[in-house]
Amino acid sequence: MNDINARIISALKEVLKEKYDLDAPAGILTVEIPKDPKMGDYSSTCAMRLAKTLHQNPKMIAETIAEGLREKLPDAETIEIAGPGFINFRMKKSALASVINTILDAGAKYGHNNSGEGKKILVEWVSANPTGELHCGHARNAAWGDSICRLLEASGWDVLREYYVNDAGNQIVMLGESLIARYFEYFGKEYPLPPDGYHAQDVKDIAVSIAEAEGDRWLDADPKERLAYFMAEGKNRELKKIDADLKLYGVRIDSWIHETLFYENDKARIKAVLKRMDDLGLTYEKDGALWFKSTEYGDDKDRVLKKSDGTLSYMTPDIANHVYKVERGYPLLVDLWGADHHSYVIRMKAALKALGYPADTLQVDLIQMVRMVEDGVEVKMSKRTGNAITIRELCEDVGVDAARWFFVSKDVATHMDFDMKLARTRSNDNPVYYAQYAYTRMFNILHKEGTPEFRREDSYDLLTDPHETEMLKLIAEFPKTVAESAKNRTPNRMCNFCQQLAREFHSYYNSCRVSDPQNPELTNQRLGLISAVMITMKNALDLIGVSAPEKM
RNA sequence: GCGCCCGUGGCGCAAUUGGAUAGCGCAUCUGAUUCCGAAUCAGAAGGUUGUGGGUUCGAUUCCCGUCGGGCGCGCCA
């Protein structure tokens, strides 16, 4: 065990057992870095938290604990009581610096932790309809979800990254019809383009590409066959583009689940779910439609499962979709939806609850709207195409790193203005480059001509500068920060971490010289520190899909 | 009308999930490069956390009311 946090906590545990014969429940024994370094390197609030359980003054508890700790924690230089019952620790410098070798050993895996304990979790996000290109509204969802997956994976969860393809509804028929119209147009023939069809350029492009590949053989084909062909071909080509754009954006999807899957074999999966609901007495018929008694599970009105015309409402195959996730062995489900779907959350949770799944099986994070802004005014359309700005255009314009950083750095629960101009600027106005520049600077130090090769040491006892202490504490916190960001699904905390680490480093850089020929021992230890900070920074940036450049 | 989300210096965001004197960036002002890249740093100024109550050792965080902004209230998807 080489983690200071863990060592303090296990010492606290021992002392509580010894002095109070108490097995402290989880969540009570926590160690934090106080805001003000004057208070100490680390701090625990456990005495105050235990005051009620032990029926004692928190200050007295703190005294008793501190007394016991002085023998059990040789890494601590001083242990003091402050305020209403804080226990403050100042650690020996060599103890703080021991994290350097931990990081050098872990390398790209530093920060990884097992807080997820191998549990299975299925994250469904993006899930845009395959009827057009991904636009910047999807970009916030895509970046956030991908970062959540990265955090969960780094925290020992068994994650399945899934995209639900809505390919069974009327919109795919419209896509097919729109493509046929453009296909006819290509050959100079007439075919009505439906008013609520898809008029965007990319639909035209697909039609032209089909025409070039297939020739005019579909002009006189059987209309039913033709529509089926154009629907399938259109969907596949749109999905290929979506996949390519997501890859460009650094987003990986492992599993594409098509809505039509649930219609296969005469709707076998949907019928099974409807039967289950019927058997549980959750449905009734009214006005020729089949209803789900969702009000009994917290909804404000009952919902239609099967419309009076015999077709299914959107929700019905989606219930089958969620059931299928659990059936594949994923007891925990996360969905990322646009905030305009918030009423749908209650509905889907009600359905799963009614089917007998635990209440917290499904967790939905709602993503608030994004407005693209330039010079203070909203930009609705791309200047180039006249359509909504696509994710691809965004990547080409501001860059993947800036786009992802901007979307991930802000909590999705709040409305966001994406400042195109700011994201584009390569200057100190732009927070992405602040963190990346710190990495580049560190790389330069290590690879500068004349910098000696770093030799690993057993102890780094010369790193006593306050800046060095702060950086050591910060990088030692990294695995804990990753675990908490994963648990709470708050990748924006990774941005804060990067920024904080960059700030500490830049400050250090300006006040201490790393490479000093007059002092080879100190130089070597500082090179060790820089190597460790670099690894941490790179790993942190990677968790939000931002690159760590060696040159800028 | 009902429901959900948000409200933190001029602007954009944090706050270790209920902890100590509420932090950071931009903008403003004053300084720092013969020295590892100035896409940098040091310092100053800027706050009754929308507002009124409540819960307790302690509230930006939890509860109730209220004001302001956004979204949603289909046999659409």
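Order of the sequence lines sets the chain letters (A, B, ...), proteins ahead of strands, with each chain counted from 1. The shown structure was predicted, so the numbers you read here are calculated from the model rather than taken from an experiment.
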Applying a 4.0 Å non-hydrogen cut-off, can you work out what [X] is touching in the nucleic acid: base, sugar-phosphate, or nothing?
{"X": "N492(A)", "answer": "sugar-phosphate"}
{"X": "M48(A)", "answer": "base"}
{"X": "S343(A)", "answer": "sugar-phosphate"}

Please report, rounded to the nearest Å, how far the [atom2] atom of [N] is from the [atom1] atom of [X].
{"X": "K473(A)", "N": "U16(B)", "atom1": "NZ", "atom2": "P", "value": "17 Å"}
{"X": "R303(A)", "N": "G3(B)", "atom1": "CZ", "atom2": "C1'", "value": "11 Å"}
{"X": "D417(A)", "N": "C6(B)", "atom1": "CG", "atom2": "P", "value": "17 Å"}
{"X": "D300(A)", "N": "C73(B)", "atom1": "CG", "atom2": "C1'", "value": "7 Å"}

**Item:** Parallel, tilted or perpendicular: ring planes of F418(A) versus F406(A), cut at 30 and 60 degrees
**Value:**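 It falls in the tilted class, 30° to 60°.
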**Asked** Would you call the rings of H447(A) and F443(A) parallel, tilted or perpendicular, where under 30° means parallel and over 60° means perpendicular?
**Response**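 If you compare the ring of H447(A) with that of F443(A), the planes turn out parallel.
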**Request:** Compare side-chain N and O positions of Y344(A) against OP1 and OP2 of C4(B) and report whether any pair is under 4.0 Å apart.
**Result:**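 No, no such contact exists.
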**Contact letters for nucleotides 28-33 of chain B, in which S counts primed atoms plus P, OP1 and OP2 and B counts the base, heavy atoms under 4.0 Å** = ------
**Request:** Using the closest heavy atom to pick a nucleotide of RNA chain B for each, name whichever of R347(A) or N496(A) lands nearer the 5' end.
**Result:**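 Here N496(A) is the residue nearer the 5' end.
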**Message:** Quick check on RNA chain B: between A502(A) and A413(A), whose nearest nucleotide comes earlier from the 5' end?
**Reply:**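 Residue closer to the 5' terminus by nearest nucleotide: A413(A).
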**D335(A) with K325(A): basic N within carboxylate O range, under 4.0 Å** =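 Salt bridge between D335(A) and K325(A), a charged N being under 4.0 Å from a carboxylate O: yes.
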